[in-house]
Visitor: 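Below: one structure in structure tokens.
Remember, it's 1-based here, ligands and their atoms both numbered in the order they're listed.
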Amino acid sequence: MNVLVVGRGGREHSIVMKLADSKQVNNIYVAPGNGGIGKHATCVPIDEMDLDGLVAFAEKEAIDLTIVGPENPLNAGIADRFQQKGLAVFAPTKAAALLEGSKSFAKAFMNKHEIPTADHKTFTNADDAKHYIEEKGAPIVIKADGLAAGKGVVVAETKAQALAAVDDMLVSKAFADAGAKVVVEEFLDGKEFSLMAFVHKNNVYPMVTARDHKRAFDNDQGPNTGGMGAFAPVEDVSDADLTFAVNEILQKTADGLVEDGRSFTGILYAGLIMTTKGPKVIEFNTRFGDPETQVVLPLLENDLVQVLMDVMDGKDPQLKWEKNACVGVVVASKGYPAAYQKGMLLPEMATTKSCFTIHAGTKLVGEKLVSDGGRVLLVGAKNVSLQAAAESAYAGLEVLSHTEDFFYRKDIGKQ
Ligand code: AMP
Ligand code: GLY
């Protein structure tokens, strides 16, 4: 088979590494890829938003299956475009991807289908939003409706912060059209976890749970980032909570989408919080999470291509998961998530049986690998326990322990 992966980050590198294990896959292409993916696949310089270019490439190279990593092309309708040409694509249509593309849509959908989530109200008018905040008090959460690269959420500890967030989004248009509507939401307290599933119509096949570390610095200090590391599985989620999340959240969501004429194919990702009243939804993504994928896919024993084909054929893929734990630590450019320098030279990273390196913001300049983004690498490891996996991953990071150009959290996998 010829397989095309759309995207350029760590998630896509992880998907590619899993595809490289498949005996059914002859050629793996990535558009546009990054500096490290080229070891396992052919990078083609087509931007992930160049839908015409991607469709033309898939036709020319007789691509048998396309997997889409990031949310922006999904919301631009990449799956619809491929389907119109009869090209197989494991990704939701634009109508189904709205579950991630619009938070107000997702909230209304959850209310309609009685899927547990925080109480909320949607506003386009700043004064109305502010009245609601005055009435509800803090802590309270303000969310830009549209896609904002993970930056559109403000967890306000005080009313003043909440009112300022409303002004930022609705008056100063900090997120342009993505912030033309805001969702004001009840603050939920509890531990978070991510649950992804392979979904086709009413069929839902859950993966192992994972936990992302969103803050920049140790002990969850500092600003929110795209994710500084992750681990899987999450041991503090009880079997009862997991069963509830699968049946009352993921399954109901898949069923609701079919009922509403937005049938879903692809990866459904629920960001969940364990409240005293059980798991509730914080957000939906309609794609693989990043960096969760980098610690979940290494635990999948099945051939990924076979899984995707089975799911699209309406067959149970019989998922099998290693009993091990996996930990991934992100290496970021100094300064990230604020301003940082690109083009810094990267050392040779360890690749052993128990430790792997995934590339995100890297690029090749001649033979040299240099940084090309905020999150640069993810060093991961599998082992019999979370603690052992973390130790293996941190051993792989030794070579960066004295760097001035990069930093990484020292507490990933320590819950
Ligand atoms: P999101 O981009 O929607 O995943 O939100 C980013 C982060 O904000 C989440 O990972 C949570 O830590 C936090 N968050 C979002 N919504 C809520 C909520 N209703 N209550 C508490 N924390 C929240
Ligand atoms: N880790 C959260 C996301 O992929 O958006």
Visitor: Step by step, work out the salt bridge (charged side-chain N to carboxylate O under 4.0 Å, His left out) result for K334 and E404.
Guide: CA-CA 7 Å; K334 189 179 152 197; E404 298 271 306; 5.1 Å; no
Visitor: Does an N or O from K214, backbone or side chain, lie closer than 3.5 Å to an N or O of ligand 2?
Guide: no
Visitor: Quick check on salt bridge (charged side-chain N to carboxylate O under 4.0 Å, His left out): which of K414, R215, K214, R409 does D220 satisfy it with?
Guide: R409
Visitor: Please determine if R8 and D47 form a salt bridge, counting it only when a charged side-chain N lies under 4.0 Å from a carboxylate O.
Guide: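 Yes, charged N to carboxylate O under 4.0 Å.
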Visitor: Compute the ring centroids of Y29 and F57, then answer whether they are less than 6.0 Å apart.
Guide: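 That pair passes the under 6.0 Å test.
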Visitor: Would you kindly check if the NZ (Lys) or CZ (Arg) of K410 is within the cone defined by 45 degrees around the ring axis of Y408 and under 6.0 Å from the six-membered ring centre?
Guide: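 So K410 does make the cation-pi contact.
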Visitor: Under 3.5 Å, is there a donor-acceptor pair linking the side chains of D80 and T93?
Guide: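 The answer is no; no qualifying pair exists.
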Visitor: Within a distance under 4.0 Å of any heavy atom of V141, pick out the atoms of ligand 1 and give their elements.
Guide: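 Near V141, the atoms of ligand 1 are 16 (N), 17 (C), 18 (C), 19 (N), 20 (N).
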Visitor: List every atom of ligand 1 that sits less than 4.0 Å from any heavy atom of K103, numbering the atoms from 1 in the order shown and giving each element.
Guide: 3 (O)
Visitor: Do any N/O atoms on E283 end up under 3.5 angstrom from N/O atoms on ligand 1?
Guide: yes
Visitor: Please identify which atoms of ligand 1 are closer than 4.0 Å to at least one heavy atom of F187.
Guide: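 Heavy-atom distances to F187 below 4.0 Å select 20 (N), 21 (C).
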Visitor: How close does the nearest protein non-hydrogen atom get to atom 19 (N) of ligand 1, and which residue and atom is it?
Guide: E185 OE2, 2.7 Å
Visitor: Suppose we measure from atom 16 (N) of ligand 1 to each protein heavy atom; which comes out shortest, and what is that distance?
Guide: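 Answer for atom 16 (N) of ligand 1: K143 NZ, 3.0 Å.
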Visitor: To which protein heavy atom is atom 20 (N) of ligand 1 closest, and what is the distance rounded to 0.1 Å?
Guide: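 Going atom by atom, the protein heavy atom closest to atom 20 (N) of ligand 1 ends up being L188 N, 2.8 Å.
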Visitor: With a 4.0 Å cut-off, would you call E185 and K107 a salt bridge?
Guide: yes
Visitor: What part of M196 sits under 4.0 Å from ligand 2 if we count only heavy atoms: the side chain, the backbone, both or neither?
Guide: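 No part of M196 comes within reach of ligand 2.
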Visitor: Going by the atom numbers of ligand 2, which of them fall below 4.0 Å from some non-hydrogen atom of G289?
Guide: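 Those qualifying, in numeric order: 4 (O).
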Visitor: Starting from atom 1 (N) of ligand 2, which protein heavy atom do you reach first, and at what distance in Å?
Guide: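 For atom 1 (N) of ligand 2, the nearest protein heavy atom is E292 OE1, 2.7 Å.
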Visitor: For the pair K136 and D119, find out whether any cationic side-chain nitrogen is under 4.0 Å from an anionic carboxylate oxygen.
Guide: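 Not counted as a salt bridge, because no side-chain N and carboxylate O are separated by less than 4.0 Å.
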Visitor: Pick from Q294, H359, H40, K18: which one makes a side chain to side chain donor-acceptor pair (under 3.5 Å) with H13?
Guide: H40
Visitor: From the options V153, D220, I142, V154, select the one whose nearest heavy atom is closest to atom 8 (O) of ligand 1.
Guide: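 When every heavy atom of V153, D220, I142, V154 is considered, V153 comes closest to atom 8 (O) of ligand 1.
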Visitor: Where is the nearest protein heavy atom to atom 5 (O) of ligand 2: which residue, which atom, and how far?
Guide: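 Going atom by atom, the protein heavy atom closest to atom 5 (O) of ligand 2 ends up being R287 NH2, 2.9 Å.
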Visitor: Are H200 and Y205 close enough that their ring centers fall under 6.0 Å?
Guide: no
Visitor: Numbering the atoms of ligand 1 from 1, which are under 4.0 Å from a heavy atom of K214?
Guide: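 Within the 4.0 Å cut-off of K214, ligand 1 contributes 4 (O), 10 (O).
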Visitor: Check ligand 2 against N285 and write out every atom of the ligand that is under 4.0 Å from a heavy-atom position of the residue.
Guide: 3 (C), 4 (O), 5 (O)
Visitor: Does the side chain of Q24 pick up a donor-acceptor pair with the side chain of D303 at under 3.5 Å?
Guide: yes
Visitor: Heavy-atom distances under 4.0 Å decide this one: backbone, side chain, both or neither, for Y269 against ligand 2?
Guide: side chain
Visitor: Ignoring hydrogens and angles, state whether a donor on the side chain of N75 or E71 is under 3.5 Å from an acceptor on the partner side chain.
Guide: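 Side-chain D/A pair, N75 to E71: absent.
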Visitor: Quick one: CG on N285 to CE on M196, what's the gap to the nearest 0.5 Å?
Guide: 10.0 Å
Visitor: So which protein heavy atom does atom 12 (O) of ligand 1 come closest to, and at what separation?
Guide: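 Checking every protein heavy atom, the shortest distance to atom 12 (O) of ligand 1 gives E192 OE2, 2.4 Å.
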Visitor: Tell me: protein heavy atom nearest atom 23 (C) of ligand 1, and distance?
Guide: V155 CG2, 4.1 Å
Visitor: Report the nearest protein non-hydrogen atom to atom 15 (C) of ligand 1: residue, atom name, distance rounded to 0.1 Å.
Guide: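 Heavy-atom neighbour on the protein nearest atom 15 (C) of ligand 1: I282 CG2, 3.3 Å.
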Visitor: Taking only heavy atoms of D212, which atoms of ligand 2 are found under 4.0 Å from at least one of them?
Guide: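 Contacts of ligand 2 toward D212, numbered from 1: 1 (N), 2 (C).
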Visitor: With nothing but distance in play, are any N or O atoms of I273 less than 3.5 Å from an N or O of ligand 1?
Guide: no
